[in-house]
Amino acid sequence: MADSRTIEIIYNKCKYAKAISFDVFGTLITRDVVDPDDVIRIAESMKNGQEIAAERKKDIKTLYEAEITIVHPIDDILSVMRRLKQDGKEIILTSDMYLTGQMIEDLLANIGVIKGVDYDWLFVSSDYGCTKKDGGLYKKIQQKINVGFGDIVHIGDAIRSDYLRPRMLGIKAIWVKQEKNNRALGHRNNEVRNLNRFIENHLPDENYEYRVGYKYFGPLLYGFANWLNDRISENKESAYFLSREGYIFLNALEIMGMKQENMKYMLISRRSIIGSLLWTYDNVEGMIKSLRIDRKIDFEKVMALLNIQECLKNDEASLDLSGRVYATSSEIIHDEETYAFISRHIVEIIENSKSQYDAMEKYFESIGFDTQDDCIMVDIGWVGTMQRYLNDYIKIRKNSKRIKGLYLGVHSNNYREDSKEGYLFNGDSVKKQRDIFTFVGLLESVFSEQEGSVKRYRIKGDTCEVERCGYEYGENDAKKIKMIQQGMLDFVRDMHNSAVKHILVFDQYLSTYNLLKFGNSPSKEDLDFFRKLEFSDESYSLNSGFGLKTLSVRDFKNNFMNSIWKTAYLKCTFGSWFPAKTFYDCLYGLKKNT
């Protein structure tokens, strides 16, 4: 795309010419691929791998069918052409191309560029047996329209064919520089450039949030959805997509026409299943250990996990304990006052838990999870804690059911006996894990359904009622996250409907290429947007935002550990110049070695 100043320069240089010639491919229209050879690869995929060659006439129709699915207008150059046409100039389109003139005319008409309305002539090398590159096509133009070379201006993107050769003939030429096609970059880099060309061509002029969703998170969702479909299709077992990330995973599969009857959405959370299983432990210590605390959590949220929030109103000791923070289950156990508080309310914990368990049983029955049949569980990851809780439930029922977990990533080898597999990593690829975990909270936020986490189950008549927590973002921020999600899903739809998908391999590399750059090197625009988000999770973790609220080292550490985007938090705190990723990598390395 050219800027407005360049457009005016082009227009002014053409004002006094009698005829204006425009190159077609790369100047007036663009493809979703950078290398023209990729068109042949797309055509071959459309013919189930059959070899296609541009030199063979029988293959030209197939190539045309491939071309017409991947071309888009370059609006700013088209606007100049139409402006010059309205000024009464003779408009000529020229192309060195294997397609026939009629095919290119039809292709242009398909994107709204009409012969007789937007341009007057079309000269294609395949029709005339000569090219722009050898100068023969320019001579044909001069003879056909009877205009001197000095009265023609040619505009194109190829330095030799569109600039040097016409100038040698006396034609005024304007070189419109486009992206350089450097084949020496290698196969995977060519894929990245094709992906970003596709994004550039399909991404509408929308707001910041939509662009973030489309460009950065969309490829990951598309790749993961394809990976899930491959693995679920291999089995006939029910596949349970756990709330809340499972909601957008299912949406993506539905958009791609891959949603099957055996795929079910399961309303469950760490909090809801913990509360349902507390009664199965013999003592307070066992209950506390079952919480599996792995991040900073305050006293009130511990009580919420134990499902005894009502006790906070009736027990005056809660006033002294309010605001205390714990990093592990052991810290809760060794805090004598907290331990004593929980012990005093053991009866309420057990009663509430049994009631919750009965309701959960009813819910599981309604979605078919209560059977003996093996199943698949789909979640974002990373440790497999939810799979472990569900296996605890299965053991209580003395059920032989086995669960296979499919995750975006498996971060560690916790619960090794549980069968699980990750798309991005399987407890390996330390660098990939480290790079993802700088913004893992943000990733979870934009992948989450906006109904809020499951708080508890209640029996209501003959059915089970699922109570939800509030959504973590306020109304305005929720709209922003929703727009990011819309961009993600639109990318999935556009890519699934495009023939370009046949030449792109959406593995761990390609699906995260743009996302890792975004997550680990946020721009000023990224920081300005995300520092304004107000994140509050009533279900589990501490609230945390951006910026240094106090000079307390402890407060900084807590906010950093709980921040949804750690590299952005560091830059917002210390300045955009701060080497946040390097700092994070050092901390990650220290943690791994302790």
Side-chain angles (χ1 to χ4, degrees), residues 32 188-189 191-227 245 248-249 251-252 255 380-381 408-409 423-425 431-448 450 473 477 479-496 498 500-501 504-533 535 546 563-569 571-572 576 580-581 584:
D32 283 337
R188 294 317 305 261
N189 282 331
E191 278 190 276
V192 170
R193 292 165 71 232
N194 281 340
L195 170 63
N196 286 326
R197 173 67 68 84
F198 175 90
I199 290 171
E200 178 185 339
N201 288 341
H202 287 260
L203 186 59
D205 186 19
E206 294 281 352
N207 61 15
Y208 169 85
E209 303 97 288
Y210 186 90
R211 285 188 281 113
V212 165
Y214 198 98
K215 182 175 182 178
Y216 302 118
F217 292 96
L220 176 57
L221 179 59
Y222 179 78
F224 186 48
N226 273 292
W227 182 83
E245 291 84 1
I248 203 163
F249 300 155
N251 273 352
I255 286 170
I380 196 167
L408 191 62
Y423 169 60
L424 296 179
F425 40 80
K431 183 180 185 305
K432 179 73 77 173
Q433 293 184 44
R434 183 184 66 215
D435 290 349
I436 289 289
F437 275 79
T438 61
F439 59 96
V440 68
L442 177 64
L443 184 66
E444 293 172 352
S445 290
V446 301
F447 274 7
S448 291
Q450 295 199 359
Y473 293 96
D477 288 340
K479 291 178 181 177
K480 296 174 184 177
I481 300 296
K482 190 73 173 177
M483 188 60 70
I484 292 175
Q485 293 175 340
Q486 188 61 56
M488 294 163 60
L489 292 171
D490 283 354
F491 175 89
V492 169
R493 179 180 291 104
D494 291 346
M495 181 56 71
H496 179 68
S498 172
V500 175
K501 67 183 178 184
L504 298 179
V505 179
F506 277 89
D507 56 5
Q508 300 91 329
Y509 175 81
L510 191 65
S511 64
T512 61
Y513 185 87
N514 289 335
L515 180 61
L516 292 179
K517 289 181 178 294
F518 166 78
N520 291 302
S521 303
S523 66
K524 183 179 183 301
E525 185 180 22
D526 302 330
L527 298 179
D528 289 344
F529 175 76
F530 282 99
R531 65 158 48 96
K532 297 173 184 176
L533 290 181
F535 177 80
F546 290 117
S563 174
I564 64 172
W565 190 0
K566 291 177 173 52
T567 44
Y569 176 79
K571 285 183 176 290
C572 286
S576 58
K581 183 58 168 57
Y584 175 85

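By convention here, the first residue in the shown sequence is residue 1. The structure presented is a predicted model; accordingly, all values stated were derived computationally and were not measured.
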Tyr216: partners by ring-ring contact (aromatic ring centres under 6.0 Å, His included), with sequence neighbours left out:
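Phe518.
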Smallest separation among heavy atoms of [X] and [Y], with atom names:
| X | Y | result |
| --- | --- | --- |
| Asp435 | Lys581 | OD1-NZ, 2.7 Å |
| Lys571 | Ser576 | NZ-O, 2.9 Å |
| Glu245 | Ser448 | OE2-OG, 3.4 Å |
| Gln450 | Lys482 | NE2-N, 3.2 Å |
| Thr567 | Pro522 | OG1-CD, 4.3 Å |
| Ala225 | Ala252 | CB-CB, 4.1 Å |

Quick one: sort the Trp227 and Tyr423 rings into parallel, tilted or perpendicular, breaks at 30° and 60°.
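Trp227 and Tyr423: tilted rings.
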Between [Y] and [X], is there a side-chain donor-acceptor contact under 3.5 Å, judged purely by atom types and distance?
| X | Y | value |
| --- | --- | --- |
| Asn520 | Thr438 | yes |
| Tyr513 | Asn196 | no |
| Ser563 | Trp565 | no |

Distance check, rounded to the nearest 0.5 Å: [X] atom [atom1] versus [Y] atom [atom2]?
| X | Y | atom1 | atom2 | value |
| --- | --- | --- | --- | --- |
| Leu527 | Lys524 | CG | NZ | 8.5 Å |
| Leu504 | Leu195 | CG | CG | 6.5 Å |
| His496 | Asn226 | NE2 | CG | 8.5 Å |

Worked check of side-chain contact (heavy atoms from CB on, under 4.5 Å) between Met495 and Phe506:
CA-CA 11 Å; Met495 181 56 71; Phe506 277 89; 3.8 Å; yes
Run Asp526 and Tyr208 through side-chain hydrogen bond (donor to acceptor under 3.5 Å, both in side chains) and show every step you take.
CA-CA 9 Å; Asp526 302 330; Tyr208 169 85; 2.6 Å; yes
Ignoring hydrogens and geometry, is there a side-chain-to-backbone donor-acceptor pair from Asn514 to Lys517 under 3.5 Å?
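Not at all, since once roles are kept as given, no pair shorter than 3.5 Å links the two residues.
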Test item: Gln485 side-chain N/O and Val446 main-chain N/O as donor-acceptor pair under 3.5 Å:
yes
Compare all side-chain heavy atoms of [X] with those of [Y] and state whether any distance is below 4.5 angstrom.
| X | Y | answer |
| --- | --- | --- |
| His202 | Arg197 | no |
| Glu209 | Ile481 | no |
| Lys432 | Leu516 | yes |
| Asp32 | Asn194 | no |
| Phe224 | Leu424 | no |
| Val212 | Met483 | no |
| Tyr473 | Ser445 | yes |
| Leu220 | Phe447 | yes |

Could you walk me through whether Phe491 and Phe217 pass the side-chain contact (heavy atoms from CB on, under 4.5 Å) test, one step at a time?
CA-CA 9 Å; Phe491 175 89; Phe217 292 96; over 6 Å; no
Are Asp490 and Arg493 within salt-bridge range, i.e. N to O under 4.0 Å?
yes
Salt bridge Arg193-Glu200, side-chain N to carboxylate O under 4.0 Å
no
Could you check Val440, Leu221, Leu443 and say which one makes a side chain to side chain contact (heavy atoms under 4.5 Å, CB included) with Leu408?
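Going through Val440, Leu221, Leu443 one by one, the side chain to side chain contact (heavy atoms under 4.5 Å, CB included) with Leu408 is satisfied by Leu443 alone.
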Determine whether Asp494 and Leu203 satisfy the following criterion, side-chain contact (heavy atoms from CB on, under 4.5 Å), listing intermediate values before the conclusion.
CA-CA 10 Å; Asp494 291 346; Leu203 186 59; over 6 Å; no
Val192/Tyr509 under side-chain contact (heavy atoms from CB on, under 4.5 Å): CA gap, chis, key distance, verdict
CA-CA 9 Å; Val192 170; Tyr509 175 81; 3.8 Å; yes
